[in-house]
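Inspection log for the structure reproduced underneath, given as structure tokens.
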Protein chains: 2
Amino acid sequence: MQPICRPLKAGKTEISIMDSYLSKHNIVSNATPLFLHQEPADAIYAVCAGCFKLTEQSAENNEKVIGFRFPGELIGEDAIHNQHYQYNAVAVGHTSVCKIDLKELNECGKLMPELQLNLITLLSKQNAMLREEFSSVVAKHTAESLLAAFMLNLFKRNSRYQESGTKLYLPVGRDAIANHLGFRRETLSRIFSKFQQKGLLSIQAKNIEILDLAKLEHIAYS
Amino acid sequence: MQPICRPLKAGKTEISIMDSYLSKHNIVSNATPLFLHQEPADAIYAVCAGCFKLTEQSAENNEKVIGFRFPGELIGEDAIHNQHYQYNAVAVGHTSVCKIDLKELNECGKLMPELQLNLITLLSKQNAMLREEFSSVVAKHTAESLLAAFMLNLFKRNSRYQESGTKLYLPVGRDAIANHLGFRRETLSRIFSKFQQKGLLSIQAKNIEILDLAKLEHIAYS
DNA sequence: CGCAATTTTGACGTAGTTCAACACGTGTGG
DNA sequence: CCACACGTGTTGAACTACGTCAAAATTGCG
């Protein structure tokens with residue numbers, strides 16, 4: 001079994017509280033689905049370590065990557081009001097999640113209001129994350145600014161729970177990133193190369209380091 | 001005072017419950033900010049009627065429209081865990097909102113767990129809305145597919161609380177839409193014209209009607 | 001080590017955005 | 001009534017960013 005990368009920082013986060021009251025950690029191996037589209041939605045998951053990829057099946061039966069989830073973030077949170085999951089969630093590399101069973105949560109929640117407050121905070125944070133993610137990709141006309149904004153978003157999300165705000169291990173393949181951003185693998189590769197030549201990023205396989213935050217921001221918001 | 005358009009459908013929605021327990025409706029006039037970036041965050045708002053535009057101030061001091069909010073949706077929900085609002089929220093046309101005061105909510109919430117459950121459902125729905133909005137605009141390489149997906153998303157969001165799923169009154173100006181989607185007003189105009197010529201949409205000023213859903217979907221997901 | 005999968009680079013053509021300039025309708029105020 | 005500003009829609013011409021095809025380079029895994 002490979003080691004799991006990028007664990008959640010120690011500390012009394014909402015997730016660790018949920019975890020201690022409700023459930024045990026689950027280990028999910030590479031490429032294993034956490035859940036699939038249309039499956040009955042009976043649990044919310046909080047990522048503790050590793051990375052998940054969310055996908056949709058589009059009309060022509062080609063997969064569309066609609067997002068990635070990192071430690072501290074929720075997956076399947078619309079299970080609270082939906083009967084079925086709306087997308088697929090698949091582990092990228094080996095991961096660890098905290099499974100929040102909805103039945104259990106409902107029962108415990110009635111007795112422990114602080115558990116509900118906890119969930120409210122988690123949902124609020126997830127909301128903020130989604131809004132930020134959205135505003136980082138919307139209204140970007142060039143692939144360069146889109147990729148720059150995407151990278152900045154990734155680093156910001158990782159720095160909350162990760163020791164370094166400038167280093168990032170992204171277990172995702174190039175195709176998945178390109179798919180997610182809506183361009184071809186070649187284009188992605190080219191821009192990565194360009195960013196390296198300019199000294200903005202340092203990339204070795206799946207390890208990425210930010211070298212020039214200011215310039216990257218300038219490209220993103222241009 | 002102008003009439004307020006597109007009110008929330010009658011019925012026991014989560015928002016009407018919040019409203020009856022916590023607060024009174026607030027009327028917000030056209031172009032009036034609900035709150036601004038950096039202001040202390042002391043309340044969540046739920047839109048009851050009308051439309052709000054969310055904006056960010058980018059580096060070069062030009063406004064970027066990061067989203068629109070319609071009846072049944074939340075604004076400022078990250079106030080739960082943030083000290084300050086992260087963006088501007090401005091009324092487009094005359095609107096009506098339900099203000100959920102956080103202090104009040106905290107006090108009432110301790111006594112009434114059902115109020116907390118209510119909020120949890122609201123947040124979960126908002127989460128789902130954000131994720132759907134995101135996946136509708138991400139990975140669109142042509143302006144046509146982006147606009148088609150944006151329109152479909154608008155209609156879907158409005159049909160939940162609106163009588164007609166095919167008609168939409170969008171009080172927002174062309175520039176705001178173009179800004180939000182990241183292209184020029186000309187491009188927007190061209191595509192709107194094209195969609196009308198093809199018989200996909202009928203547009204009269206700010207009234208939009210879907211004529212051919214299937215073809216629109218095909219363009220969006222191509 | 002060797003094969004397969006993934007990633008990078010190059011050259012080229014084109015679709016589609018952008019820029020610029022104008023036309024039209026409407027509201028406003030002198 | 002006309003002059004003006006403003007929002008919106010239209011059109012043409014130029015450019016460039018991205019997709020496509022093809023091949024080389026690198027990585028990963030048994």
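To find a chain, count down the sequence lines: A is the first, B the second, and so on, and within it residues start at 1. Remember, predicted model here, so these are calculated numbers, not experimental data.
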Roughly, in whole Å, what's the span from [atom1] in [X] to [atom2] in [N]?
X: B:L181; N: C:dT18; atom1: CG; atom2: P; value: 12 Å
X: A:I208; N: C:dT7; atom1: CD1; atom2: C1'; value: 14 Å
X: B:I219; N: C:dG16; atom1: CD1; atom2: P; value: 12 Å
X: A:I203; N: C:dT6; atom1: CD1; atom2: P; value: 19 Å
X: B:N207; N: D:dT8; atom1: CG; atom2: C1'; value: 16 Å

- prompt: Distance-only, no hydrogens or angles: does the B:K64 side chain make a donor-acceptor pair with backbone N or O of A:S135 under 3.5 Å?
  reply: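 At least one qualifying donor-acceptor pair exists.
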message: Check the phosphate of D:dG9 against B:R174, side-chain N and O only, distance under 4.0 Å to OP1 or OP2. Yes or no?
response: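 Answer yes for this pair, as a side-chain N or O of B:R174 is under 4.0 Å from OP1 or OP2.
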Phosphate-side-chain proximity, B:S193 and D:dT10, N/O vs OP1/OP2 below 4.0 Å: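 Checking D:dT10 against B:S193, a side-chain N or O does come within under 4.0 Å of OP1 or OP2.
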Below 3.5 Å between N/O atoms, which protein atoms pair up with nucleotides 23-26 of chain D? Just atom names and distances, please.
none

- request: Show the numbers, then the answer: is there a side-chain contact (heavy atoms from CB on, under 4.5 Å) between B:L170 and B:F68?
  value: CA-CA 10 Å; B:L170 190 61; B:F68 304 104; 5.8 Å; no
field: By side chain to side chain donor-acceptor pair (under 3.5 Å) - contacts of B:N179 (at least two apart)
entry: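 Result, side chain to side chain donor-acceptor pair (under 3.5 Å) vs B:N179: none returned.
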field: Of all pairs that satisfy side-chain hydrogen bond (donor to acceptor under 3.5 Å, both in side chains), the ones with a partner from residues 33-49 of chain A, not counting sequence neighbours
entry: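 Checked against side-chain hydrogen bond (donor to acceptor under 3.5 Å, both in side chains) - neighbours excluded - no pair reaches residues 33-49 of chain A.
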Among D:dG9, C:dT7, C:dC19, the nucleotide that comes nearest once only the side chain of B:R185 is considered: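 Ranking D:dG9, C:dT7, C:dC19 by closest atom to the B:R185 side chain puts D:dG9 first.
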- line: A correct 5'-to-3' footprint of nucleotides 12-19 of chain D, with B, S and - meaning base, sugar-phosphate only and no protein heavy atom under 4.0 Å, is B-----SS
- request: Starting from the first five and the last five pairs of the helix from C:dC1-D:dG30 to C:dG30-D:dC1, work out the angle between the resulting helix axes, to 10 degrees.
  value: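 Overall, the helix from C:dC1-D:dG30 to C:dG30-D:dC1 bends by 40° from one end axis to the other.
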Each nucleotide N or O in nucleotides 23-28 of chain C that has a protein N or O under 3.5 Å away: list the pair and distance.
none

query: Should A:R157 and A:E133 count as an ion pair when the cut-off is N to O under 4.0 Å?
result: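 Counted as a salt bridge, because a side-chain N and a carboxylate O are separated by less than 4.0 Å.
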